Amino acid sequence: MYQEVILDHYKNPHGRGLRDGDAEVHHVNPTCGDEITLRVRYDGDTVADVSYEGQGCSISQASASVLNELLVGKNLAEARRVQETFLELMQSKGQLTPDDAMEDVLEDAVAFAGVSKYPARVKCALLSWMAWKDATAQALGESPVKEKTA
Amino acid sequence: MYQEVILDHYKNPHGRGLRDGDAEVHHVNPTCGDEITLRVRYDGDTVADVSYEGQGCSISQASASVLNELLVGKNLAEARRVQETFLELMQSKGQLTPDDAMEDVLEDAVAFAGVSKYPARVKCALLSWMAWKDATAQALGESPVKEKTA
Amino acid sequence: MTSSRPGLPGLLDTEAIRKDFPVLDRQIHDGKRLVYLDNAATSQKPRQVLDALNTYYERHNANVHRGVHVLAEEATALYEGARDKVAAFVNAPSRDEVIFTKNASESLNLVANMLGWADEPYRVDHETEIVITEMEHHSNIVPWQLLAQRTGAKLKWFGLTDDGRLDLSNLDEVITEKTKVVSFTLVSNIMGTVNPVEEIVRRAQEVNALVVVDASQAAPHMVLDVQAIQADFVAFTGHKMCGPTGIGVLWGRQELLEDLPPFLGGGEMIETVSMHSSTYAPAPHKFEAGTPPIAQAVGLGAAVDYLSGIGMDAIAAHEHALTGYAVQRLQDVPDLRIIGPGTAEDRGAAISFVLGDIHPHDVGQVLDEQGIAVRVGHHCARPVCLRYGIPATTRASFYLYSTPAEVDALVEGLEYVRNFFG
Amino acid sequence: MTSSRPGLPGLLDTEAIRKDFPVLDRQIHDGKRLVYLDNAATSQKPRQVLDALNTYYERHNANVHRGVHVLAEEATALYEGARDKVAAFVNAPSRDEVIFTKNASESLNLVANMLGWADEPYRVDHETEIVITEMEHHSNIVPWQLLAQRTGAKLKWFGLTDDGRLDLSNLDEVITEKTKVVSFTLVSNIMGTVNPVEEIVRRAQEVNALVVVDASQAAPHMVLDVQAIQADFVAFTGHKMCGPTGIGVLWGRQELLEDLPPFLGGGEMIETVSMHSSTYAPAPHKFEAGTPPIAQAVGLGAAVDYLSGIGMDAIAAHEHALTGYAVQRLQDVPDLRIIGPGTAEDRGAAISFVLGDIHPHDVGQVLDEQGIAVRVGHHCARPVCLRYGIPATTRASFYLYSTPAEVDALVEGLEYVRNFFG
Ligand SMILES: Cc1ncc(COP(=O)(O)O)c(C=O)c1O
Ligand SMILES: Cc1ncc(COP(=O)(O)O)c(C=O)c1O
């Protein structure tokens with residue numbers, strides 16, 4: 001699970017810290033308490049920035065760093081394709097060996113293939129990606145937030 | 001379990017039917033729906049009458065009949081001794097073989113010894129006896145009734 | 001797995017099936033072979049289910065959902081895998097609609113409580129009505145009585161016809177614009193009646209009432225398709241369908257589960273907790289507070305596999321044939337009166353009867369002495385006994401391992417009972 | 001059954017004990033021996049408990065309380081026999097004070113709901129206060145939050161000191177004349193802290209508040225005497241004390257159980273039912289709606305026999321010795337910070353810690369690769385993590401079969417973790 005690439009991103013995260021954005025979301029992984037606050041900024045339909053802050057394990061931290069590296073600069077359609085491909089890989093329960101096409105899309109993120117065997121960690125790997133999806137939907141005015149409180 | 005004596009009392013019950021009394025109670029065996037309405041009448045401290053009506057199995061019917069036969073005419077202390085001895089026998093889980101002294105007190109009621117091996121039926125055998133105890137307490141002003149309703 | 005017996009088409013190969021159930025070899029009262037006809041109370045468990053329990057405890061036992069170690073992952077996969085199996089078994093649109101409870105009673109209480117604490121449009125309050133039927137199990141009566149008492153809502157019900165069917169002649173007066181919820185049993189546990197779901201659901205939908213179906217006596221015996229019956233909630237219980245005790249199911253429509261408030265609070269059902277406030281996990285976890293019945297869910301999954309392996313249609317056909325045979329033979333017993341439908345049409349495999357004025361307790365006891373296990377009493381459906389003016393009934397109920405020879409044993413046993421008290 | 005190891009008096013003969021637990025032989029990750037240190041989440045089950053379950057299902061399985069046939073009588077005797085065993089185990093004045101639930105969470109919700117629906121003097125309403133502590137398990141927080149929210153009562157709590165103890169310096173301000181109920185854990189599941197029951201109970205009794213004790217982490221590990229602690233309710237859960245999943249216990253004082261209203265409605269909990277109204281059975285049945293977790297109660301009875309056979313005092317001594325050893329060895333691991341008491345005094349066998357800035361998820365995962373099962377996260381006690389400003393902890397927790405060698409394995413494993421992420 002702990003590929004060199006993952007440990008590298010964990011120790012030297014890309015784009016960490018909160019900067020200006022069009023929308024901000026806060027996601028929590030209730031099973032372990034991992035949290036992320038993530039902002040997106042769009043420039044037309046280009047992902048101008050993804051900034052984030054949070055606490056979490058090496059997998060969730062590295063995953064956010066990889067996300068930043070991969071998505072910033074891409075246009076929305078491309079970025080969504082990366083997100084969906086990453087989701088597919090993560091939900092594969094270790095059954096999927098990334099082919100060349102997938103590697104082209106995911107680049108460093110293919111290193112997470114091994115994580116998909118560990119259901120408890122899949123959520124860590126996906127935390128920032130789900131947050132990005134949510135933030136993007138909000139930035140584009142597609143969805144409201146809903147919360148229930150005791 | 002089905003001693004001849006029990007079947008006899010079942011087929012030819014003593015003192016069945018409701019007559020005048022000083023107190024009336026209604027008891028139910030929730031596990032099987034057996035019900036008894038029982039009245040006691042006291043003449044000083046003599047059990048002048050125990051009258052009853054209800055529906056139930058041979059054990060509960062025969063037991064009420066035996067109760068009537070045994071208790072009517074006795075004074076309260078004697079009657080209570082019979083009731084307590086019967087209770088002891090019924091709670092013995094088949095471990096107790098009635099000795100002569102017990103037979104003297106219980107007479108026909110010793111036939112119920114075998115019932116005590118069957119936990120589900122012990123309540124049937126005790127239904128009228130518990131009702132009598134309750135009714136007596138009420139007749140003597142010792143206890144109120146308490147009920148809870150949905 | 002179907003054997004044919006002259007005159008009884010559709011029977012299963014019970015000889016093979018019975019080998020899976022250790023308890024059926026049991027001898028009682030000095031060597032009498034057990035004739036177990038108390039299946040509506042609880043079913044016996046096949047070896048396959050016991051194996052699943054043992055394997056779980058001997059190899060995989062751990063608490064679920066929160067662990068990163070191997071056992072915790074295995075236990076979680078087994079537990080959530082059981083949810084997948086149950087979801088498929090009832091044709092649920094989504095696995096997240098399957099909530100594990102401890103029994104059907106908890107499932108029904110869960111619905112009643114959700115509706116009591118809900119916001120509009122679901123909230124049951126003093127201006128609304130709750131509809132049930134006179135043939136409900138106490139577990140589908142008392143929760144609604146409590147809800148009515150605590151909210152001021154009015155409890156109404158459908159009565160019964162003389163032959164043990166729902167009297168729906170006043171359908172439109174019982175279910176009205178004020179009705180918020182209609183809860184009824186698919187199959188009566190005391191009379192075996194199979195109820196006309198479609199007619200009731202149609203009327204409930206007209207007035208926007210939620211429909212709760214108690215499928216405790218259906219899930220073990222027939223194909224149960226929550227989409228086909230168009231209910232909003234369906235409850236059933238594991239121990240009656242070859243599963244362990246301690247596990248029940250509530251299926252509910254996803255959007256309802258999202259909107260309705262939680263019932264029990266605690267670990268597992270939360271998203272985040274602070275001393276000041278908490279937020280809840282999405283369904284099904286929102287409704288599963290605390291460590292769930294993990295092994296029991298796994299056992300229920302194995303039970304569902306076992307039943308599906310034989311085929312719910314085949315099981316239904318077997319029981320239908322056997323019930324037809326039993327109804328016919330019982331009607332030949334003098335003084336015997338069936339309480340409930342007098343034929344095998346639209347009826348499950350539970351048959352209640354009274355035998356002259358011999359009390360059911362006595363019937364059951366004397367049958368037991370012959371090795372025949374039936375249930376006696378009001379079967380947690382006392383209003384049915386009140387309706388038919390009887391204190392109790394004797395109930396014989398069949399399952400996939402029951403045989404015509406066991407029906408014969410019952411009939412002979414009843415003859416003996418008659419002579420004994422005659 | 002006590003072996004002595006230099007410097008660690010009081011250890012049990014774990015070699016013998018471990019033979020009773022099949023899962024402890026399990027090898028994971030290519031032949032690594034399982035080191036199971038996740039006992040605060042759930043315990044493993046001895047062969048004796050599995051045997052009791054199998055015997056129940058293979059020979060005696062039937063529904064309880066309502067049958068006159070042999071199996072029903074046997075099942076009832078086994079189920080009620082388990083109640084006797086549990087009553088003796090906690091020194092309950094009466095067996096009828098022992099209610100079987102599905103887990104500790106249900107037990108605690110049951111109390112909260114009884115008090116919400118109770119008549120005076122017990123009723124919790126908007127004029128009253130509920131007191132808990134900041135170290136509660138979510139299962140002893142959320143039910144009270146829900147109760148407070150639904151009744152308008154005010155929820156208050158005791159905070160924590162820096163070394164993981166309850167801060168009772170403001171005892172008299174937190175528990176006041178308005179307090180109706182005080183609910184707290186005997187032993188913290190996250191920090192291992194053993195709380196000073198006497199002091200809290202004394203103050204609660206001064207103001208006539210009911211005392212609820214969450215003994216989920218106590219019952220498995222030490223002598224639990226409900227009379228000695230003078231609580232009104234005590235909750236615990238079977239799966240943490242060698243019993244099956246799917247079974248919990250609520251002990252309550254008889255007069256309270258008589259006066260308080262039921263929670264779940266259904267079969268078994270009634271005295272008599274009509275469509276118009278119902279009356280309830282006396283406790284414990286009043287609080288056990290539906291078919292109970294029969295096999296699971298029987299399994300818990302066997303677990304209690306097993307634990308008593310070894311002796312709760314001996315188990316406590318074993319864990320105390322092991323915890324002392326573990327605390328001392330862990331404090332030698334660089335960058336390791338224990339969250340909770342730093343000694344073995346007044347502490348149970350659960351030890352939480354953080355290791356530098358390596359996230360507990362990573363600690364747990366890398367330990368798992370070495371065969372060591374610990375729990376990571378907030379352990380359903382998130383307010384404790386908030387209090388100490390940490391996202392989560394790694395928790396190792398011991399039981400009667402844990403050994404000093406396993407402590408050594410943990411310490412070595414942690415060294416490896418540090419190097420891996422170093
Ligand atoms: C202190 C404490 N209370 C309550 C619980 C809840 O027990 P259960 O999950 O079995 O309901 C637990 C364990 O999870 C616990 O450790
Ligand atoms: C129709 C029906 N509903 C509900 C129940 C309650 O099931 P459980 O006792 O498992 O909660 C039963 C069985 O007892 C039943 O037959």
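Throughout, a chain's letter reflects where its sequence line sits, starting with A, and its residues are numbered from 1. Computed from a predicted model, the values in this text were never measured in an experiment.
Atom NZ of A/K133 has 12 or fewer heavy atoms from other residues, nucleotides or ligands within 6.0 Å. More than 12 heavy-atom neighbours from other residues, nucleotides or ligands sit within 6.0 angstrom of CZ on A/R16. More than 12 heavy atoms of other residues, nucleotides or ligands sit less than 6.0 Å from atom CG of D/N419. More than 12 heavy-atom neighbours from other residues, nucleotides or ligands sit within 6.0 angstrom of CG on A/D99. Around atom NZ of D/K32, more than 12 heavy atoms belonging to other residues, nucleotides or ligands sit under 6.0 Å away.
Rounded to the nearest 0.5 angstrom, A/R121 CZ and D/D362 CG are separated by 5.0 Å. One finds the CG atom of A/D34 at 4.0 Å from the NE2 atom of D/H359 (value rounded to the nearest 0.5 Å). Interatomic distance, A/Y118 OH to D/Q365 CD, rounded to the nearest 0.5 Å: 6.0 Å.
In terms of heavy atoms, A/K11 sits closest to D/F421 at CE-O, 3.7 Å. Closest non-hydrogen pair, A/Y2 versus D/V366, comes out as CE1-CG2, 3.5 Å.
Proximity to chain D (any heavy atom under 4.5 Å) is shown, for A/Q61, by neither the backbone nor the side chain. When heavy atoms are compared at a cutoff of 4.5 Å, D/R150 does not approach chain A at all.
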